[in-house]
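Each remark here refers to the structure printed beneath this line.
As a basis for the values below, the full set of heavy atoms in this structure was taken, side chains included, without hydrogen atoms, waters or symmetry mates. Every chain is numbered from 1, with letters handed out A, B, ... down the list of sequences. For clarity, every value in this text was computed on a predicted model and none was experimentally measured.
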Amino acid sequence: MKIATWNVNSIKVRLEAATAWLKEAKPDVVALQEIKCMDENFPAEAFEALGYNCAVHGQKTYNGVALLSKLPLEDVTPRLPSGDGDDHSRYLEAVVTGAKGTLRIASIYAPNGNPVGTEKFTYKLSWLERLGGHAKGLLKNEEPVALIGDYNIIPEDRDCYDPKAWLGDALFQPQSKAALRTIENLGYTDAFRARNQAAGQYTFWDYQAGAWRKNHGIRIDHILLSPQGLDRLKDCGIDKHVREGDKPSDHVPVWAELDL
DNA sequence: ATGCCGACAGGATGTCGA
């Protein structure tokens, strides 16, 4: 089973690029973020034509997450628990069953959190704390779980072109990195780092200042696997070439092959 | 020190992203 995550930065604008990538990469399950549309405006027909079932947790203008799956999507849950008053569409969970077993998978769009020192940053940290609480609960099932998406966190210096340039940014704050480590310390593993220790492996390049041309990127899109999920991990990679296409998203897909 | 670019809503330009 091949799973993938991609922050598309508007599914409306990215529909052509998305269908082209699906045809080429042939993932079984895809988590999308920043679809930036309401459920009724999600172009489900275009994906159904390629053999995908769709689950959508949309929002007008901002955020919005979705799951595409060639396998039936079961037990679809469109939010994190205990989100009193949080109306952002940033989490969508479902269960899929492959030939060798089930996978619980979530599409995650963690808050950006900039600027630091504002309620946006405290919202980011509290949202990640809620995610961690939910992630901990999921471990009790002792099943393969994949929490995949745009975490808006640069884990380490080797995950950005110029660490000094990101020191004041919410994506690189000690509290942000600690929030990710807290989830990892529960028992989740960064699938990419389980297969690749190289520096300079990015998933995002800003549209501005020639960031792509100069390879000024950051690695912020992550595939986190529960212990049982990690047991099934065969390979993990970044589809970097997608950043070169017509009307690209500023993020590229990250994928993992699981023995499921 | 800030904008750079791009998407969105709305119908100009401000907000947001990272």
Spacing between A:Lys214 atom NZ and B:dC5 atom P, to the nearest angstrom:
12 Å
Taking the P atom of each, how far is B:dT13 from B:dA18, in whole Å?
26 Å
Those residues that, when tested against A:Lys234, pass side-chain contact (heavy atoms from CB on, under 4.5 Å) (two or more places apart)
A:Glu257, A:Asp259
Any A:Arg14 side-chain nitrogen or oxygen under 4.0 Å from OP1 or OP2 of B:dA7
yes
For atom P, what is the distance between B:dT15 and B:dG3, given to the nearest Å?
12 Å
Connected hydrophobic set around A:Phe121, excluding itself, where side chains approach under 4.5 Å:
A:Val116, A:Leu125
Whole-Å distance separating the CD1 atom of A:Ile35 from the C1' atom of B:dC8:
14 Å
Rounded to whole Å, CH2 of A:Trp212 lies from P of B:dG6 at a distance of 15 Å
Using atom P in both nucleotides, what's the gap between B:dA1 and B:dG10 to the nearest angstrom?
36 Å
Listed once per pair and sorted, the ring-ring contact (aromatic ring centres under 6.0 Å, His included) pairs that draw on residues 66-101 of chain A, sequence neighbours left out:
A:His88-A:Tyr123, A:Tyr91-A:His134
Pick the closest DNA chain B nucleotide for A:Gly210 and for A:Thr61 by heavy atoms, then say which residue is nearer the 5' end.
A:Gly210
Rounded to whole angstrom, note down the C1' distance from B:dG11 over to B:dT2.
28 Å
What is the distance, to the nearest angstrom, from the CD1 atom on A:Ile11 to the P atom on B:dC8?
11 Å
In chain order, what residues pass the ring-ring contact (aromatic ring centres under 6.0 Å, His included) check against A:Phe42, with sequence neighbours excluded?
A:Phe47
Near-ring test A:Trp6/A:Trp21, centroid separation under 6.0 angstrom:
yes
How would nucleotides 11-18 of chain B be written as a contact map, 5' to 3', with B for base contact, S for sugar-phosphate-only contact and - for no contact, using protein heavy atoms under 4.0 Å?
-----SSB
Can you list everything that forms a side-chain contact (heavy atoms from CB on, under 4.5 Å) with A:Glu184? Sequence neighbours excluded, please.
A:Leu180, A:Arg181, A:Asp190
